[in-house]
Each structure stands twice: as C-alpha cells, then as structure tokens.
Amino acid sequence: MTTAGPKTAVHHGGGRKSLLFNVKSFGARADGTTDDTRAFKAAWKRACESTGAVTLLIPRGVYLIGPIKFAGPCKNVSNITIHMKGYLKATTNLSKYSFGSGWVEFGWVEGLTLTGGGTFDGQGAKAWPYNSCPTDLNCKLLPTNVKFMAMNRTVVRDITSVDSKFFHIALVECNNFKGSKIKISAPANSPNTDGIHIERSSGVYFSRSHIGTGDDCISIGQGNSQVTVTSITCGPGHGISVGSLGRYRNEEDVKGLVVKDSIMTGTANGIRIKTWANSPGSSAATNMTFKNIVMNNVTNPIIIDQEYCPFTTCPTNPPSRVKLSDIYFKNIRGTSSSAVAVALECSKRIPCQNIYLENVHLDLSSGEKHPTSSCKNVEAKYIGTQIPPPCA
C-alpha cells in the first residue's frame, strides 16, 4: 500500500512558488539524541523527486545524524534550496562510515543552494586519536564533514562547520561553485582538518569566510582550473596551499588560480605551493596569482617546497616532476615569525619558471633585523619593494 506521505507546503519567496519539505514532517525529532538520519533521507527523496523549485527546511534544533548522501540527479527539479537553520551533530560511531567518505555528502545535483545559518558539528575530538595519516602513508581516511561530488551550479552561503573528523568541506569534480560567509573552526592541533579542499573542479569562487583549523585553511589539489579565493581570514592553521601535488600517477594540471585580499594570522605557513619529490607522473601548476595578502606573525609567509614530506623521511630521488611556472606574488606584507620569510625551493629536474615577486614587505615579528630569502632551482623576477632582499 502506498501513502501520500507527509504533506508539502508551497513556499512563496521572491514571487516564485517553491515546494517546501520540512524534515520534522518526516519524523525528525531534533532532540540531539534520537538518530534523525532516516527522516532526512525521506525528506530528501521526496524533494528530489519533485518538480520545479524545491526547498528542504531544517528548522532550529539539534539533529543527530549518521552518514547521509543527498544524491541526484533530481531530474525535474530546476533548483533546490536546503534552508538549514538547525545544528547537525555527527554520530561518533566510526563503524558507520565507509572508507574515504563524507559525513554529509551532496552529489550529482544541479542548482543546489545550501544556506540558513546552520552548523555541521563533526564531533571530531573523539575521532582524532584514530587518525594515523600524519605518520602513515597508507592511512584510513576519516570522514569529511561536508563533501560535494560532481555538483553543478552550487551556492553555499552562511553555514558553519566545526570539529570535523577530517576535512571540513571538500569539492570533487564540481563546476560553477560559489561559497561565501562560511565559518570553519577546529583546534590548532586537530589533524588533517583542512578547512576547504578543492580537487578536479572548475569555476570555483570562495569569499568572505573565516577559517581557523588544524591544517590548511584552503588546499587546492590537483586538476583544478579557474579558482578564485578572496577575502578570507585564516588562522590558526597551515595557511592557503596549492597541493600537495605529484603524489599519485595521472594527476591533472592546476591552472588559473587567484588568491587575493586575505589575512593570515599566526599560521604555520602563508602561501604555500607543495609538491612531492619522487613523483610517479608529470603534471604542472601554472598561471597562479597571490595578491594583497597580509601576514601577521606567520611562519614561512611565502614558500615553494618541491621536496614536500609530511613524514619523518621520504624518498627525494628523482626530483619532483611537477612543473611550476607563471606564478605571481604581489603586494604581500606583514610580519614573519621565521628568519626565512621567502623560500623558493624548486625541483632540480624542472626548475620553476617565471616566478614574479612584486612589492613584498615582510618584517620579522620579533622586531629584529630583516628576514632573509632562500632560493633553489628557480628563475625569479623582482619588481618594486623587496623585503627580505632577493636571493643573491
């Protein structure tokens, strides 16, 4: 016997009609202890099978949910808005998660908007002791808080992610993605809690967000093109990174990256480009611009590291096969907590080409004499102010 199921409401917003599906109408208790996963899945199923403009409402309240996939395609839906006012708590039972998955996953959906001021709480503190990735090359990956897979025309605005078990937000094979007013926080010593990780995506734009975490605030992985990051406040964390690149065979190139108008405070790196030595394949990262960035007491404010190794030891031969070229550092100013403020350490096999530094002014945080530069296998060009002085 089939039933009509919970009734849907018609939401009139901006002159447009939108079908409204409330997770509470599907049995969500929002008491913080009852597992509401089934209700969320049921509400999504109905929303995705609808026609036209659709809104999925998560009202205020605390919802305990296990891993969940909001998967498309939603064939007859023109756009779908998840209006998330609630506070979502992840189950801490790691046996419920599959290897390398996300806690909340969105996949194969066109025209999704996620907004509403709600929070994704990964409850990561109970999982971090089980993370062996800082020491084990073949570690089991803990779940990412919010993962977007093969999405097109996505908007994420005014949401918060706290204490993720692994990455906070990850994009894989997404196109036309806009994120703004995102708040991300985890302790400075939480392992692998990258704020936003982007991979094999294009047309990505992140702005006006605050990220403080235990790893990279934003990491740009392989295969990305036309990515813009602007007006980001980063710290604590490991800065904004390109990479790591060159770890796996058949990696795709990175091109068309702009990082601008951002502030880093107390981070372990500023702008970092990191590639592995002993790369199994060849790739490139090119046409990247970093401009108008303030560094406040940052270690390694500008660093290219083509012998990246997060472990005790790594093979360094042969040198990295990732080609770095046409990279611009412009209007970078502030203070460095490390004596070497600009480190351009490139591959002996494929030296960096067309690296431009324009108006770089980095003083030592201690107020002592100027910091220094370090260079290896690089063709660098200098314009305007250069503190520290260029490599000899």
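The chain is numbered in sequence order, starting from 1.
For residues 26-40, the set of pairs meeting the side-chain hydrogen bond (donor to acceptor under 3.5 Å, both in side chains) definition, not counting sequence neighbours, comprises D31-T33, D31-T34, D35-T37. Residue pairs meeting the ring pair (Phe, Tyr, Trp, His ring centres under 6.0 Å) criterion with at least one member in residues 338-392, sequence neighbours excluded: Y328-Y356. Pairs of residues two or more places apart, or lying in two chains, that qualify as ring pair (Phe, Tyr, Trp, His ring centres under 6.0 Å) and include a residue from residues 43-94 are F40-Y63, W44-F70, F70-F106.
The hydrophobic side chain of Y205 is isolated, with no ILVMFWY side chain under 4.5 Å apart from it. Applying the under-4.5 Å side-chain rule to Ile, Leu, Val, Met, Phe, Trp and Tyr, the cluster around V294 extends to I263.
Classified by interplanar angle (parallel below 30°, tilted 30° to 60°, perpendicular above 60°), the ring pair F290/F329 is parallel.
S202 is linked by a side chain to side chain donor-acceptor pair (under 3.5 Å) to N175, counting only residues two or more places apart in sequence or in another chain. The salt bridge (Lys or Arg N to Asp or Glu O under 4.0 Å) search around E199 returns none, not counting sequence neighbours. Partners of S201 according to the side chain to side chain donor-acceptor pair (under 3.5 Å) rule, which considers only residues two or more places apart in sequence or in another chain, do not exist here. Residues passing the side chain to side chain donor-acceptor pair (under 3.5 Å) test with T91: none are found, sequence neighbours excluded. Shown here are the side chain to side chain donor-acceptor pair (under 3.5 Å) partners of N192, two or more places apart in sequence or in another chain: N131. Residues that satisfy the salt bridge (Lys or Arg N to Asp or Glu O under 4.0 Å) test with E49, not counting sequence neighbours, are K45.
Between the side chains of R208 and S231, not a single donor N or O lies within less than 3.5 Å of an accepting N or O.
Atom CZ of R200 has more than 12 neighbouring heavy atoms from other residues, nucleotides or ligands inside a 6.0 Å radius.
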Would you give me the side-chain donor-acceptor pairs under 3.5 Å for residues 132-144, sequence neighbours excluded?
| from | atom 1 | to | atom 2 | distance (Å) |
| --- | --- | --- | --- | --- |
| T135 | OG1 | S132 | O | 3.3 |
| D136 | OD1 | N138 | N | 2.9 |

